[in-house]
Engineer: 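One structure is given below, represented as structure tokens, and several questions about it will come after.
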Number of protein chains: 2
Amino acid sequence: MARATIDDVARLAGVSIKTVSRVANQEPNVRDSTRVKVANAIATLDYKPNQSARSLASRQSFLIGLLYDDQSKYEIPSAGYVINIQSGVMSACKARNYDLLIHPCTYRNKDISKEIDELIRHSRLDGLVLAPPLSDMLPIIDAIEETGVPLARIAPGSNVNQQCVVTTNDRSACANMVNYLVSLGHKRIAFITGHPDHKAVANRYLGYQDGLQENAIALDTELVQSGDNSIKSGEKCAEALLAGKQHPTAIFACNDDMAAGVIRVAHRRGIRVPEKLSVVGFDDIPLAQQVFPALTTTRQPLKAMAKKATELLIRKLRAEPLEAAPTMVESSLVVRESSGKSPAI
Amino acid sequence: MARATIDDVARLAGVSIKTVSRVANQEPNVRDSTRVKVANAIATLDYKPNQSARSLASRQSFLIGLLYDDQSKYEIPSAGYVINIQSGVMSACKARNYDLLIHPCTYRNKDISKEIDELIRHSRLDGLVLAPPLSDMLPIIDAIEETGVPLARIAPGSNVNQQCVVTTNDRSACANMVNYLVSLGHKRIAFITGHPDHKAVANRYLGYQDGLQENAIALDTELVQSGDNSIKSGEKCAEALLAGKQHPTAIFACNDDMAAGVIRVAHRRGIRVPEKLSVVGFDDIPLAQQVFPALTTTRQPLKAMAKKATELLIRKLRAEPLEAAPTMVESSLVVRESSGKSPAI
DNA sequence: CAACTTCATGACAGCGCTGTCGCTTTTGCC
DNA sequence: GGCAAAAGCGACAGCGCTGTCATGAAGTTG
């Protein structure tokens with residue numbers, strides 16, 4: 001029971017293989033009666049086009065790559081982040097009959113450009129989706145564009161006006177988070193910045209400053225610590241911030257992993273969250289709900305962004321019209337257990 | 001600058017395209033001097049074989065699928081689990097020049113067999129790696145085997161003697177965990193079982209019983225609660241176990257997610273871990289280190305298992321000899337912060 | 001109704017490789 | 001040195017599709 005080929009279908013339907021091809025690919029200019037005839041033959045034989053033959057003849061692979069930073073190698077596991085992105089890309093691919101090839105890589109490699117070049121040239125991708133933080137790194141973008149592979153970027157940090165880039169309102173969402181904390185009575189609101197390589201995360205610091213300004217609170221750099229997005233760094237920054245007796249009443253970590261680190265330190269030091277200290281994060285990765293108390297955070301609609309980016313990519317591949325503007329997906333505040341009224345001072 | 005084809009290389013090297021093919025595929029029966037000549041031409045032209053053409057001619061796709069349960073749809077996020085498996089499969093694929101196609105699916109679907117059939121028949125896979133818990137579900141295995149696609153399973157729950165199955169010593173590792181707890185003075189050791197669909201996890205309960213028996217502790221079914229692998233269910237079970245004043249001194253949840261749930265409840269109830277209650281899990285997913293206190297658990301070498309399974313699969317595909325026995329990768333105890341001496345009674 | 005255009009279809013030539021087979025040259029062995 | 005076996009290489013026919021172009025039928029227009 002070898003798989004049916006296009007010839008088998010053509011024979012059964014009494015048409016040429018080209019007509020079968022037309023029906024299979026939903027091309028126009030086929031009479032309805034013919035279309036039905038062919039469709040029946042396809043169903044009868046359970047015909048599935050051979051993708052390799054299709055690819056060879058049409059010079060398309062129907063394969064989309066997802067390139068992301070493989071943090072697992074550095075034991076900075078933010079698996080939830082990656083999974084969400086995969087899931088979004090996947091759903092867009094499925095809808096358009098593309099398959100998804102994943103490509104973890106590490107931007108910390110010296111010759112990342114070379115690695116990317118290899119990756120792309122070896123494998124038969126029609127297009128590539130680039131996930132944060134890679135999506136904001138110029139050398140990487142350049143390396144990809146040099147290969148000529150169509151690219152879409154999930155780039156929360158990007159404020160460039162470009163096609164095939166999906167962004168989010170990180171900055172204003174951070175300002176909003178500060179507003180929320182102020183509304184709970186907090187005045188000493190600390191901030192933990194992220195990894196300097198991650199543009200998306202850098203943006204968040206600006207939002208924090210915006211928020212302070214809106215509430216006429218002066219920026220106190222003693223309340224700002226630099227992390228690198230990892231839990232460990234969150235812990236380190238929290239240790240610094242909570243050392244004195246006059247510690248801040250709220251800590252705003254610019255990602256959830258670091259906020260989780262802050263919570264670990266609070267537990268260790270016996271500082272009750274949120275009664276004595278509010279802790280908030282950013283991203284809304286699964287971990288946010290797994291720690292105790294569950295994190296108040298900003299939900300970054302990663303999955304939606306990834307899906308949108310992939311849709312854009314596929315439209316580009318199919319030469320379908322694209323909207324000109326970069327696509328913006330809104331982030332929004334999620335209040336959980338880790339934030340509360342500022343303690344009386 | 002169109003991509004060089006095999007003809008270009010043949011012309012430059014002054015040989016036939018077949019010889020180029022031989023060199024490119026490292027086939028035997030090519031004189032060294034010829035091989036060098038061709039290799040040089042390949043390098044000069046930066047020739048990369050067209051995968052689609054290769055696939056069409058050789059009836060292989062060089063594509064391996066990874067099928068796993070997409071828990072994100074059910075908000076039971078154990079992303080770390082999936083990522084680890086992906087990572088293992090990926091590394092084996094890379095080593096052998098295969099590409100990886102991911103296929104999240106949901107076994108809770110009614111017609112999963114049909115979905116799998118579609119999936120496999122539509123896409124051009126050479127082989128499939130099946131991840132837990134799917135890897136222990138007979139209807140799923142059957143559906144795949146019916147399609148005839150070569151299969152390798154990462155099946156911690158399987159004790160069947162089969163080729164292309166990678167298992168681990170879950171049961172004895174659980175017994176070992178009980179031994180460890182007993183060595184800390186614990187006598188009332190509760191257990192939280194996992195989702196009944198997950199065979200791997202069912203096995204663990206047996207290991208728990210083994211452990212009790214080894215230490216001459218009678219099984220007290222009041223200390224056994226049934227969870228479903230989710231954090232939420234861990235919380236529910238913990239509420240039940242910690243309700244009375246005479247609660248157990250240790251809780252052994254058969255996966256880390258549920259152990260994290262137990263910890264959440266302990267925090268909420270003000271029961272100090274590990275001083276008043278030891279909590280241990282199983283799997284060693286990233287979350288284990290992210291909660292406070294960090295979980296004592298058993299490290300299941302998922303990545304290694306996934307890699308091994310993929311290697312086996314590829315050897316099968318390449319018709320290389322396989323060892324007959326199922327492959328076993330050892331799990332091992334990881335002591336962290338959540339376990340300690342039993343409190344005095 | 002002639003002269004177009006549009007629609008519906010098929011013939012055929014590849015896409016860039018690999019598998020098969022046959023031919024020539026080299027190697028191994030008594 | 002002679003002969004069989006093995007090694008080294010190339011010619012050629014596909015693999016199963018899609019793109020291009022040709023052809024004839026049907027529809028449109030002044």
Side-chain angles (χ1 to χ4, degrees), chain A residues 1-39 41-42 45-63 97 99 121-124 126 317-319, chain B residues 1-39 41-42 45-63 97 99 121-124 126 317-319:
Chain A
M1 57 153 273
R3 218 158 134 152
T5 73
I6 200 169
D7 294 278
D8 301 327
V9 178
R11 212 171 306 126
L12 179 60
V15 298
S16 75
I17 58 167
K18 182 65 215 187
T19 300
V20 177
S21 168
R22 287 200 182 90
V23 174
N25 293 296
Q26 314 191 56
E27 286 173 28
N29 298 346
V30 180
R31 204 177 297 151
D32 272 351
S33 58
T34 315
R35 201 178 286 279
V36 170
K37 229 170 28 180
V38 173
I42 288 179
L45 298 175
D46 191 21
Y47 165 72
K48 315 266 180 200
N50 178 313
Q51 294 294 330
S52 303
R54 242 156 79 78
S55 298
L56 181 58
S58 68
R59 290 128 188 284
Q60 287 176 265
S61 65
F62 306 99
L63 246 28
N97 261 311
D99 280 322
R121 296 181 49 82
H122 155 79
S123 66
R124 42 202 144 159
D126 283 350
L317 295 178
R318 314 258 69 180
Chain B
M1 59 151 270
R3 218 158 135 152
T5 72
I6 200 170
D7 295 278
D8 301 327
V9 178
R11 212 171 307 123
L12 180 60
V15 298
S16 75
I17 58 168
K18 182 64 216 187
T19 299
V20 176
S21 168
R22 287 199 182 91
V23 174
N25 293 295
Q26 313 191 57
E27 285 172 29
N29 298 345
V30 180
R31 203 176 297 150
D32 271 351
S33 59
T34 315
R35 201 179 286 278
V36 169
K37 232 173 22 182
V38 173
I42 288 180
L45 297 175
D46 192 20
Y47 165 71
K48 314 266 180 199
N50 178 314
Q51 293 293 330
S52 302
R54 243 155 77 80
S55 299
L56 181 57
S58 68
R59 291 129 188 284
Q60 288 176 266
S61 65
F62 305 100
L63 246 28
N97 261 310
D99 279 322
R121 295 182 50 83
H122 156 78
S123 66
R124 42 203 142 161
D126 283 350
L317 295 178
R318 314 257 71 179

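Per chain, numbering begins at 1; letters A, B, ... match sequence-line order.
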Engineer: Taking only residues two or more places apart in sequence or in another chain, which ones pass salt bridge (charged side-chain N to carboxylate O under 4.0 Å, His left out) with Arg54(B)?
Structural biologist: none

Engineer: Please list, chain by chain and in numerical order, all residues satisfying salt bridge (charged side-chain N to carboxylate O under 4.0 Å, His left out) with Arg11(A), sequence neighbours excluded.
Structural biologist: Asp8(A)

Engineer: For Ser58(B), give me all partners under side chain to side chain donor-acceptor pair (under 3.5 Å), at least two apart in sequence or on another chain.
Structural biologist: none

Engineer: In whole Å, what is the span from the NZ atom of Lys18(B) to the P atom of dC17(C)?
Structural biologist: 12 Å

Engineer: Taking only residues two or more places apart in sequence, or in another chain, which ones meet Asp32(A) in a salt bridge (charged side-chain N to carboxylate O under 4.0 Å, His left out)?
Structural biologist: none

Engineer: I'd like a list of close polar pairs between nucleotides 13-15 of chain C and the protein, N/O only, cut-off under 3.5 Å.
Structural biologist:
residue, atom, partner, partner atom, Å
dC15(C), O3', Arg59(A), NH2, 3.3
dC15(C), O2, Ala57(A), N, 3.4

Engineer: Which whole-number value in Å describes the distance from Lys37(B) NZ to dC9(D) C1'?
Structural biologist: 10 Å

Engineer: Could you give the CG-to-P distance, from Asp7(B) to dG10(D), as a whole number of Å?
Structural biologist: 13 Å

Engineer: For Arg11(A) and dC17(D), give me the distance from atom CZ to atom P, rounded to whole Å.
Structural biologist: 12 Å

Engineer: I want to check one thing: is the phosphate of dT9(C), taken as OP1 and OP2, less than 4.0 Å away from some side-chain N or O of Ser16(A)?
Structural biologist: no

Engineer: Under the ring-ring contact (aromatic ring centres under 6.0 Å, His included) rule, collect the residues that match up with Tyr47(B), sequence neighbours excluded.
Structural biologist: none

Engineer: Tell me: CZ of Arg35(A) to P of dC7(C), nearest whole Å?
Structural biologist: 13 Å

Engineer: Without decimals, in angstroms, what is the distance between Phe62(A) CZ and dC17(D) P?
Structural biologist: 12 Å

Engineer: Could you list by number each residue of residues 21-34 of chain A showing a heavy-atom separation from DNA chain C of less than 4.0 Å, or answer none if no residue does?
Structural biologist: Arg22(A), Asn29(A), Val30(A), Arg31(A), Thr34(A)

Engineer: Of all heavy-atom pairs between Val23(B) and Ala39(B), which one has the smallest distance, and what is that distance?
Structural biologist: CG1-N, 4.5 Å

Engineer: Tell me every residue that passes salt bridge (charged side-chain N to carboxylate O under 4.0 Å, His left out) with Asp46(A), counting only those two or more places apart in sequence or in another chain.
Structural biologist: Lys48(A), Arg121(B)

Engineer: Mind checking what makes side chain to side chain contact (heavy atoms under 4.5 Å, CB included) contact with Ala41(A), not counting sequence neighbours?
Structural biologist: Val9(A), Leu12(A), Ala13(A)

